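The block underneath contains the structure these notes are about, expressed in structure tokens.
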Amino acid sequence: MSEEIKSNDFDPEAILEVRNLRKCFPLKKTVTGKVTQELIAVDNVSFKLKAGETLGIVGESGCGKTTLGRTILKLHAATGGQIIFDGKDITNYNSKQMRDIRKEMQIIFQDPYSSLPPRSTVGGILSEPVEVHNIVPKDKVKDYVLDLMTKCGLRDYYYERYPHEFSGGQRQRICIARALSVKPKLVICDEPVSALDVSIQAQIINLLKQLQNELNLTYVFISHDLSVVKFISDKIGVMYLGSMVEFGSKKDIFANPLHPYTKALFSAIPHPDPKVKMNRIILKGDIPSPANPPKGCRFHTRCPNATDICREVAPEYKDYGNGHCAACHLLG
Amino acid sequence: MSKKSNHLSGKEVRAIAKENKRIIKSLEAYKNRKADESEYLGHMSNPDNILEIDNLHTYFFTEQGVVKAVNGVSFEIPKNTTVGIVGESGCGKSVTSMSVMRLIQGPAGQIYSGSIRFNAKDTQGVSKVYDIAKMPISDIHKIRGNQISMIFQEPMTSLNPVFTIGQQLDEVSFIHDENATKESARAKSLQMLELVGIAMPERVYNSFPHELSGGMRQRVMISMALASNPRLIIADEPTPALDVTIQAQILDLLRELKNKIDGSIMLITHDLGVIAEMADYVVVMYAGRVIEKGPVDEIFHNPLHPYTVGLQKSKPTLESESETLFNIPGNVPNPVNMPNFCYFKERCSQCKKKCSGDYPEMIEVTPNHFVACHLYGGEEE
């Protein structure tokens, strides 16, 4: 575990920088409150993101992608590391200081069915954050919200309706409008399309892309669907069991995946063309429990090329040129 | 008939309820009748088919009106093939499979008309053709879980949490095999667990469902479906709850097993990638109807119906480089009070005058490739 270096020389270009971020959840405590067993959900994750870019985070369930997203928003307190947002180190901000930051960073949740309050109208849902954060003067709130609804592809007369009257795609549009109502700079999209049908998925992805161009938004796009991530992202991070195993620009990652897990992940996607016969790498076994991760490289239990050193020593996360980082012993 | 708003007056609601009650009563009586086997024996139109669904209508009689979840679906499943059914949620693909299993939740859900002919073998090995839609519910155990078995959508919720895997697997043998003893059932269960690639069958046999991972549970579900040597396996979205690498394992397993057990698979999914990889024949459904069906190569390389084309274009692939995704505008129509014209009309970009007319007939464009769309057939394409 490297010593935590707290420095103040932030990259002025990056809107979001994460350094050695760690998040542990206590599993067992003694009577005195001492933690005896913990689950390392996010382990030593570092990356930089420029304004207007999209970072796609892929990985299987339980790999810590959602926890990473929530920790960046400080919905979970980080256990270690630094989160630098817009030139400010927000890691140790208290809730009062966070209130101003909150309107700059928003989240869109996975399940549009349970993330909208059933008892308020669409108008109510969208105007509340605007009023709380004083985004526009009180008498202009309704116009602002209606304008926002048009932007997100919602009709005017939906203003008086309740969430249960809408389909999944429409609800996700409401969630997007709600996140954008406070004019954020950073939006964390936590699997925004995985609960939707294919034809609706395409509508929502196009909307997200179009809004990004209009409003110069920065996205952290969390998904398990590689083809969606490839479509929307500029940079991609692949996570496995809490740690980032590979990070790089979309081009680098897809043209030249370095980590064996990334390769297996790419080859596992069913290809929508019956003539294409994939040269598939099928991984053996299941993902180990994050509460009890394997020693050494965490991927060695399923890695087709694991060697002795992989079983003993955790590989270092290194830059292999052009910001393309990976953590694997086999890369030398 | 078709109204713009969804609001119903009290009078209308009472009228609907009365009508529903009358229909449900007669259908339930038909379902619960005692019948001789000869009443529901039929003939296959092609003896090489294992299952023929002919003009099936499954309706749900709700307070808002009749939901025609399956509205005139016909397709065949030949022996030793995998037939894939694709469609978005609410298009009736699961209801079709539930109808085949006769698991439609009554009294609201009922098979209204149509026939489901299944080429069964009885205990002596004589082949018989049963019409599942006409079978009384008390006779259905001859087929269900025995000759046709099902892999359900969510492995997390389809296993009973208070019994061990072993108890649940043994039960299959006890129900379908009269001569089964404790030992033989156990041996068979262990053999099945081994067949689906579980490394330590003994340990899994004695564990409870919560102790297993999602992939393992899905394997257990598959082994349960295989335990009775079925002739047809219905896999209802077997993989979306799983991660991609586990999904690849399960699909690989299903493909391998199909050859081993020499049966057919009816694979239901919304993922075109899975279909392309697994299926030999594809049925595309939209709003309760089959809109296109054909061999897998035809469907993917020469799709005819605008919906099939749109569905394929709207899925981002790893190769595509375009800036925006193609998308089909609008939503699936409300299932109550469906219009008489083509259901896809409002979302279709290639509408013609003819599309406002009756619902298009199913026509054969190239051998074995059918489509229900006014753009084809009639005059020149």
Side-chain angles (χ1 to χ4, degrees), chain A residues 58-63 153 165-170 193-210 213 224-232 240 254 261 264-278 280-289 302, chain B residues 6 86-91 197 199 212-216 239-249 251-252 269-280 282 295-297 299-301 307 310-320 322-332 347:
Chain A
V58 275
E60 296 177 272
S61 51
C63 74
E165 299 175 53
F166 295 97
S167 63
Q170 297 286 23
V193 294
S194 50
L196 307 174
D197 280 321
V198 193
S199 71
I200 310 296
Q201 231 178 48
Q203 291 175 8
I204 297 293
I205 294 170
N206 280 345
L207 174 70
L208 283 171
K209 245 192 156 167
Q210 178 205 331
N213 291 339
H224 65 268
D225 191 338
L226 271 166
S227 38
V228 172
V229 164
K230 185 193 173 196
F231 184 76
I232 200 161
Y240 186 76
F254 278 92
Y261 178 65
L265 207 58
F266 287 176
S267 80
I269 308 164
H271 198 285
D273 184 345
K275 288 217 176 106
V276 177
K277 284 280 165 277
M278 297 283 287
R280 180 152 291 170
I281 309 165
I282 290 189
L283 293 176
K284 291 268 171 326
D286 283 320
I287 307 160
S289 157
R302 300 175 77 198
Chain B
N6 290 333
V86 251
E88 297 181 282
S89 47
C91 74
L212 306 175
S213 67
M216 289 282 251
T239 55
L242 306 172
D243 291 313
V244 247
T245 56
I246 310 290
Q247 170 178 311
Q249 290 175 0
L251 293 181
D252 208 43
T269 173
H270 61 264
D271 189 336
L272 285 168
V274 172
I275 289 283
E277 207 162 283
M278 299 286 296
D280 305 309
V282 183
V296 68
D297 284 334
I299 294 280
F300 279 90
H301 293 288
Y307 177 69
L311 208 57
Q312 284 179 24
K313 275 204 241 161
S314 59
K315 173 116 180 109
T317 60
L318 290 181
E319 281 79 33
S320 64
S322 63
E323 260 303 294
T324 48
L325 276 178
F326 176 84
N327 64 55
I328 308 171
N331 283 309
V332 182
R347 304 177 74 188

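Every chain is numbered from 1 and lettered A, B, ... according to where its sequence line falls, protein lines coming before strand lines. Source: prediction; values computed, not measured.
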Inset, instruction - Examine whether an atom of A:L283 lies under 4.5 Å from a heavy atom of chain B, and if so say whether it belongs to the side chain, the backbone or both; otherwise answer neither. - result: both
Inset, instruction - Please state whether the rings of A:Y261 and A:Y240 are parallel, tilted or perpendicular, taking 30° and 60° as the class boundaries. - result: tilted
Inset, instruction - Decide whether a cation-pi geometry holds between A:K209 and A:F231; the criteria are a distance under 6.0 Å from NZ or CZ to the six-membered ring centre and an angle within 45° of the ring axis. - result: yes
Legend entry - Chi angles and distances behind the side-chain contact (heavy atoms from CB on, under 4.5 Å) call for B:I246, A:E60: CA-CA 9 Å; B:I246 310 290; A:E60 296 177 272; 4.2 Å; yes
Legend entry - Contacting moiety of A:I282, where chain B heavy atoms sit under 4.5 Å: side chain
Inset, instruction - Please state whether the side chain, the backbone, both or neither of B:Q247 comes within less than 4.5 Å of a heavy atom of chain A. - result: side chain
Legend entry - Part of A:S199 lying under 4.5 Å from any heavy atom of chain B: both
Legend entry - B:Y307, part contacting chain A, at a heavy-atom distance under 4.5 Å: neither
Legend entry - Heavy-atom pair with the smallest gap, counting every atom of B:R347 and B:P329: NE-O, 2.8 Å
Legend entry - Exercise: identify the closest heavy-atom pair between B:S314 and A:V198: OG-CG1, 3.9 Å
Legend entry - Region of B:D297 in contact with chain A, defined by heavy-atom distances below 4.5 Å: both
Legend entry - Least distance between heavy atoms, B:I299 atom then B:Q312 atom: O-NE2, 3.0 Å
Legend entry - Most chain B-contacting option - heavy-atom pairs closer than 4.5 Å, from A:R302, A:Q201, A:H224, A:Q210: A:R302
